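In each ligand, atom 1 is the first atom listed, and ligand 1 is the first ligand listed. Worth saying up front: this structure is predicted, and the values here are computed from it rather than measured. Heavy atoms only: backbone and side chains are in, while hydrogens, waters and symmetry mates are out.
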Amino acid sequence: MYLFLATLLGLAVSTNAQPATITVDTAHPGREISPMLWGIFFEDINLSADGGLYPELVRNRSFEDSDQPDFWKFSSADGGSTAAIDRRRPLNQSNVHSLCVNVDGKFILQNEGYWGMKIVGGESYKLRLAARAADGFDGPLTARILSAAGTELAAGEISGLAGDWRYYTLELSASGGDSKSALQISGSGRGKLFLDMVSLMPEKTWKNHGLRADLAESLAALHPAFMRFPGGNWIEGDDFDHMYHWKDTIGNIDARKPLWNTWGYNTTQGLGYYEYLQLCEDLGAEPVFGINCGLTLGNKAVPAGQMGPWIEDALDAVEYANGPTNSHWGFLRAAAGHPAPFHLKYLEIGNENGGPAYWERWKLLADALRAKDPEIKLIMTTSLNGYGYPPIPKPDIIDEHYYESPESFMRRATQYDSYNRKGPKIFVGEYAVTEKCGLGNLRAAIGEAAFMTGLERNSDVVIMASYAPLFVNLNHRAWNPDLINFDSSRWYGIPSYYFQQMFSENRGHVTLPVLVNSPLAESPTSKGGIGVGTWNTEAEFKDIKVTAPDGRILFTGDVSRNAGGWKTLGDGDWSVQGGALQQHAQKEFIRAIAGDKSWTDYSLTLKARKLGGREGFLILFHIANEADRTWWNLGGWGNTRDAIECDGTIDSKPGNIATGQWYDLRLVVSGKRVQCYLNGQMIHDVNYESRGQINALYSCASRDGRTGDVIVKVVNANAKPLETELDLTGAKNLTGQGSAIVLTSENPTDENTLFFNDKVLTYM
Ligand code: AHR
């Protein structure tokens, strides 16, 4: 029998008079657990591909990032040489920039990759570049790998440059190592040198399939049953020119079309459709490929009558993965090195799309795919704003996403108990605690784990689930938190990583009914400062005052002179005008916060006026962390509702904010009670816990069909031990032996870091 415990401090010490109980009915196995349940979602976000899993060491190798040689340092010892981007004779049509060095004396080009290149002594690196020379320059070029301190770790020479584009390669064997190395290319003479596709790759890659070994191993250690790829928002793109099309990502890497990624960088597409499929195979994970459905982020739509190429792309993606080698796309797969099919069985149409525009395109794509290949399981997406699906053509699976607080996830632990068993299956394709989570703390992981017990218990409906996002390069965090954090040479898992691993490594085949008799969770104290904010709206705020219950003034947001005392968050455009704090960016989630994290009871008064845009104002309270979303939302939901939001919406009424009108606002917090007054009239009077108290203990149990082991997963959401009796009713042949795998740490807010990667630890 295995016992699997997720707890903050352990179960052994008694602090309660009445122990909690968990009763597992081992004699009456219930539902089968989907073997696909625990998987991963890889999105090219946070430099997860370039600068991450795809081990190219040179950044901006093809000079396509911009009109400047970004990430290249150029110097000319005697001052005569210059370098600039050139577009006159491109290497190929996807790769229209090259670097032109006007050589007049000595020059040095240096690239430090993604915040330093990891070079290991004794290992080999392949330098490959395209070059052509003109106007009397013919080399040679010297290539050197240098440590951060300038020590030469490897060197080689390239000679015989010609007037047309040619490739040159060098095998560079490193005499020493440094994780902050750089590549240097130098030369001297007179004339012109053109460079493109300057690539430095480690010879050693995971399973010799071209990926960074330690990061691929961090994935393998999760034993994912599937991998959804390559996004996310990334496949939608900011506009029509930036939608993800897999055909741009296959074949010769030099001719793949680099694409600006909505997460803030240029993507080489070195990690392309073929490489993703190969990675899935190497991980033993079912590929789940997500395609663009003709909608951009922000819902700009390809006209339905012009969806032909999207339909073709979807059909061809299946043929590329599965088709015989005598089919057009199957042939290209074989030419890339994989004659056998990849057995793609799951295709997701779009990402977080919903509503009529999506459903129209869903039908076009689903009908075509079903007609060609009825075996492929089609996954429909849902927008974050509402769930629902059209009955025809019925999706096989629906993808739901959740990004919330630990307590919301705990509440959701039972949500699938009452899901329709006759509808499509559910794929929880993205979920993570994103509030009160630090950079990924234990409390966040506990919230997710509580939710996961509900997924496993209902795995007849929820057949797949994956945390998101998977990776972050610590030098480019576009999203927080992320499961696996890395730099050029190291990685660590946040506590959630270890929960994912524990659930995945301890899979049963069939659920066992569990009865949990749990005390209530201690609810975290409500405290924190105040703030004002907007969502796609311009607004101004003045006369901001915070008063303690005894009449003491705790804060006056005096903005008559400057915006002192405020911390602005998000991509806002703040200024002080006529004694008011103004915000002019029409973007989401813009805030200015102030005050003290220790404040509990107070009254906040202010005046607010909408200047333009789609919604109203956000009045923040009990803000303890920068990511907190505890607020009074006036004119939310497209200026239709007025709500208190805190771990979800706890009170909501119709409401609309007029542009140009000053409103008097007063918000009083006392313990967990919040009262809101608009122009003197009370709009809300609610208690934080009105959405229901939450339990301390969460559990699910299963049996391993091969070994007969009983696996009990237990999550203790309290910050102290909870004496708990475990009753295995109906169990015969107990050996009297069991093991406990425990994930814990001293404090709920504990996090792992690069330097202290096992603070929140799993042990047996
Ligand atoms: O996981 C990060 C982002 O969250 C994904 O790109 C998107 O699908 C979701 O909103």
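Between Asp239 and Lys300 there is no salt bridge, since no side-chain N of the basic residue sits under 4.0 Å from a carboxylate O of the acidic one. The pair Arg629-Glu645 fails the salt-bridge criterion, with no side-chain N (NZ, NE, NH1 or NH2) lying under 4.0 Å from an Asp/Glu carboxylate O. Salt-bridge formation is detected for the pair Arg370/Asp396: a Lys NZ or Arg NE/NH1/NH2 atom is positioned less than 4.0 Å from an Asp or Glu carboxylate oxygen.
The shortest heavy-atom distance from Gly231 to ligand 1 is not under 4.0 Å. The shortest separation from a heavy atom of Trp263 to ligand 1 is under 4.0 Å, placing the residue in contact.
Note: no N/O pair closer than 3.5 Å links Trp234 and ligand 1 by distance alone. Checked by distance only, ligand 1 and Asn233 come closer than 3.5 Å through their nitrogen or oxygen atoms.
For Tyr431 and Phe451, the distance between ring centers is under 6.0 angstrom.
Those atoms of ligand 1 with a heavy atom of Asn351 less than 4.0 angstrom away are 7 (C), 8 (O). Interface of Gly232 with ligand 1, defined as ligand atoms under 4.0 Å from a residue heavy atom, comprises 5 (C), 6 (O), 8 (O). With ligand atoms numbered from 1 in the order given, ligand 1 contributes 1 (O), 2 (C), 3 (C), 5 (C), 6 (O) to contacts under 4.0 Å with heavy atoms of Glu43.
Comparing His401, Glu352, Glu236 against atom 9 (C) of ligand 1, the shortest heavy-atom distance belongs to Glu352.
Atom CZ of Arg477 has more than 12 heavy atoms from other residues, nucleotides or ligands within 6.0 Å.
Under the 3.5 Å distance criterion, with hydrogens and angles disregarded, a donor-acceptor pair is assigned to the side chains of Asp44 and Tyr265.
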